[in-house]
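Here the structure comes first, spelled out in structure tokens, and everything after it is commentary.
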Amino acid sequence: MVARSKPTDKSSFFSSIPSIGLSEPDSESLLVKACEEVGFFKVTNHAIPLEHMERLEAEAEKFFSLTQLEKENAAQASPFVYRNKSIGPNGDVGWVESLLLPIKAESISQISFSISKDNPDSFCSAANHYILSVKKLACEVLELLAEGLKIQPRNVFSKLLMDEESDAVFRINHYPPCPEHQALDCNVIGFGEHTDPQIISVLRSNNTTGLQICLRDGSWVSVPPDKTSFYFIVGDVFQVLTNGRFSRVRHRVMASSTKPRVSMIYFGAPALRERIAPLPMLLEGGEKSLYKEFTWYEYKNYAYRTILADDRLRQFGREGELIDES
């Protein structure tokens, strides 16, 4: 059964989401401020052409337009993961279907025929080009954040994504129009509230509304869609690396009654072996670490045994030190 919720108090778009052009002279400090205060921001003036975004979006729409049986059969014959209404292995559901893809070019090539039998080379080319471009953008932003924090080396964060064994993944979500939305006095949840466990998530969607973030006061606000820009989401691991200076953000997606929503998300993650703890250069002046050290493998394994809404970081906080974020 798909979850529903009462309509949010703030149905209009939130006008105070940080919007940062990477060519701005003070972009480093603006990015740091956005990560500290909201954990969410929009990046403009990037180098990724709109046609490259729309090309992969069109390829994804071709797959999602197949019959349910065709989509399920395709997934059985390939290593990619297709889900319909199921979100993870622990019972979470939503009004969404999704493709979870590897990010390495050779892996994309292997699965392209299952996703696009008519023209697998077209999907392969679109996916590889898009993923490489967004990964590069994510690394650029992470390096600007390191500059804004005045820490060295500049690639202290981006090297985690550039690692050959990075555990980054790529997901395409499709939220079909939900006819129940108009008939019921409630919102139908497309993807339930959660934080992302990784370092940083880079999201791009079509011009359909639905994405919401939770502010510090506990209120949910709607994010205005912008198909030309990218939204960045601070994840659990980034909060740990900065010892809580950067704040992860809870977010969710509500289904539309009339328009399909397609979103594409790059989840930037470290290698499974990578040890995660607050960076020593951010603990100067006697500041205590709020978190226990753990590997990404340990955290990922724990996170994927929980339900979406769980506060996973609480398990890894040092007793008496971790701030209650509720």
Side-chain angles (χ1 to χ4, degrees), residues 53 56-57 59-66 68 70-116 120 123-124 126-135 138 161 165-176 189-192 194-206 210-211 230-231 233 235-237 251-253 260-272 296-297 299-308 312:
M53 309 179 207
L56 180 55
E57 181 183 317
E59 291 292 333
E61 287 174 341
K62 290 178 187 177
F63 175 81
F64 290 123
S65 68
L66 298 174
Q68 191 59 39
E70 286 174 320
K71 287 180 284 192
E72 291 173 356
N73 287 341
Q76 290 176 1
S78 182
F80 73 87
V81 177
Y82 168 74
R83 290 196 177 104
N84 180 42
K85 296 187 174 68
S86 172
I87 303 172
N90 301 309
D92 289 295
V93 294
W95 192 262
V96 62
E97 58 179 340
S98 63
L99 281 172
L100 185 67
L101 306 175
I103 65 166
K104 293 186 177 180
E106 57 270 24
S107 299
I108 294 290
S109 177
Q110 291 173 6
I111 66 177
S112 292
F113 183 78
S114 296
I115 295 176
S116 178
F123 178 86
C124 181
N128 279 328
H129 191 94
Y130 181 88
I131 291 170
L132 286 173
S133 298
V134 173
K135 178 181 177 180
L161 273 56
E165 297 179 15
S166 165
D167 192 44
V169 293
F170 183 69
R171 191 173 68 218
I172 305 176
N173 290 334
H174 174 236
Y175 303 89
I189 295 176
F191 206 110
H194 64 286
T195 61
D196 292 341
Q198 295 89 354
I199 300 171
I200 199 88
S201 305
V202 187
L203 180 149
R204 184 266 174 190
S205 72
N206 60 3
L211 178 63
F230 291 91
Y231 288 99
I233 303 170
D236 296 347
V237 167
H251 53 287
R252 66 187 183 187
V253 176
R261 174 181 167 86
V262 177
S263 61
M264 306 183 291
I265 314 101
Y266 168 83
F267 296 95
L272 292 172
W296 169 238
Y297 172 81
Y299 190 69
K300 178 182 178 181
N301 189 47
Y302 174 76
Y304 286 94
R305 296 201 311 268
T306 63
I307 62 173
L308 271 181
R312 298 175 289 259

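- Counting only heavy atoms from C-beta outward, the side chains of F267 and P197 never approach each other to under 4.5 Å.
- Between I108 and A127 the shortest heavy-atom distance is CG2-CB, 4.0 Å.
- Taking every heavy atom of both residues into account, N84 and E97 meet most closely at OD1-CB, 3.8 Å.
- Dense packing is recorded around OH of Y302, with more than 12 heavy atoms of other residues, nucleotides or ligands lying under 6.0 Å away.
- Nearest heavy-atom pair across E57 and V262 is CG-CG1, 4.1 Å.
- Considering only heavy atoms from C-beta on, F191 comes within 4.5 Å of L308 through its side chain.
- Between D196 and R312, the shortest heavy-atom contact is C-NH2, 4.0 Å.
- Across every non-hydrogen atom of A168 and Y266, the tightest pair is CB-OH, 3.7 Å.
- Y304 approaches N90 most closely through the heavy-atom pair O-ND2, 3.0 Å.
- Using bins of under 30°, 30° to 60° and over 60° for the plane-to-plane angle, the ring pair F230/Y130 lands in the tilted bin.
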Check against side chain to side chain contact (heavy atoms under 4.5 Å, CB included), L101 and I111: CA-CA 9 Å; L101 306 175; I111 66 177; 3.5 Å; yes

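- No donor-acceptor distance shorter than 3.5 angstrom exists from the side chain of N128 to the backbone of S109, with no hydrogens or angles considered.
- In this structure, the side chain of H194 engages the main chain of G192 through a donor-acceptor pair within 3.5 Å.
- Using a 4.5 Å heavy-atom cutoff, the side chains of E59 and I115 are not in contact.
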Before giving the answer on side chain to side chain contact (heavy atoms under 4.5 Å, CB included), spell out for R204 and Y231 the whole-Å C-alpha distance, their side-chain angles and the decisive distance to 0.1 Å. CA-CA 6 Å; R204 184 266 174 190; Y231 288 99; over 6 Å; no

I would like to know whether Y175 and S263 meet side chain to side chain contact (heavy atoms under 4.5 Å, CB included); could you show each step before the answer? CA-CA 9 Å; Y175 303 89; S263 61; 3.9 Å; yes

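- Side-chain contact between V134 and F170 is absent, with no heavy atoms from C-beta onward closer than 4.5 Å.
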Kindly determine whether R171 and L100 satisfy side chain to side chain contact (heavy atoms under 4.5 Å, CB included), including the steps that lead there. CA-CA 4 Å; R171 191 173 68 218; L100 185 67; 3.9 Å; yes

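- With hydrogens and angles disregarded, a donor-acceptor distance shorter than 3.5 Å links the side chain of S166 to the backbone of A269.
- The shortest side-chain heavy-atom distance between L99 and F64 falls under the 4.5 Å cut-off.
- Taking the centre of each ring, F63 and Y82 come in below the 6.0 Å mark.
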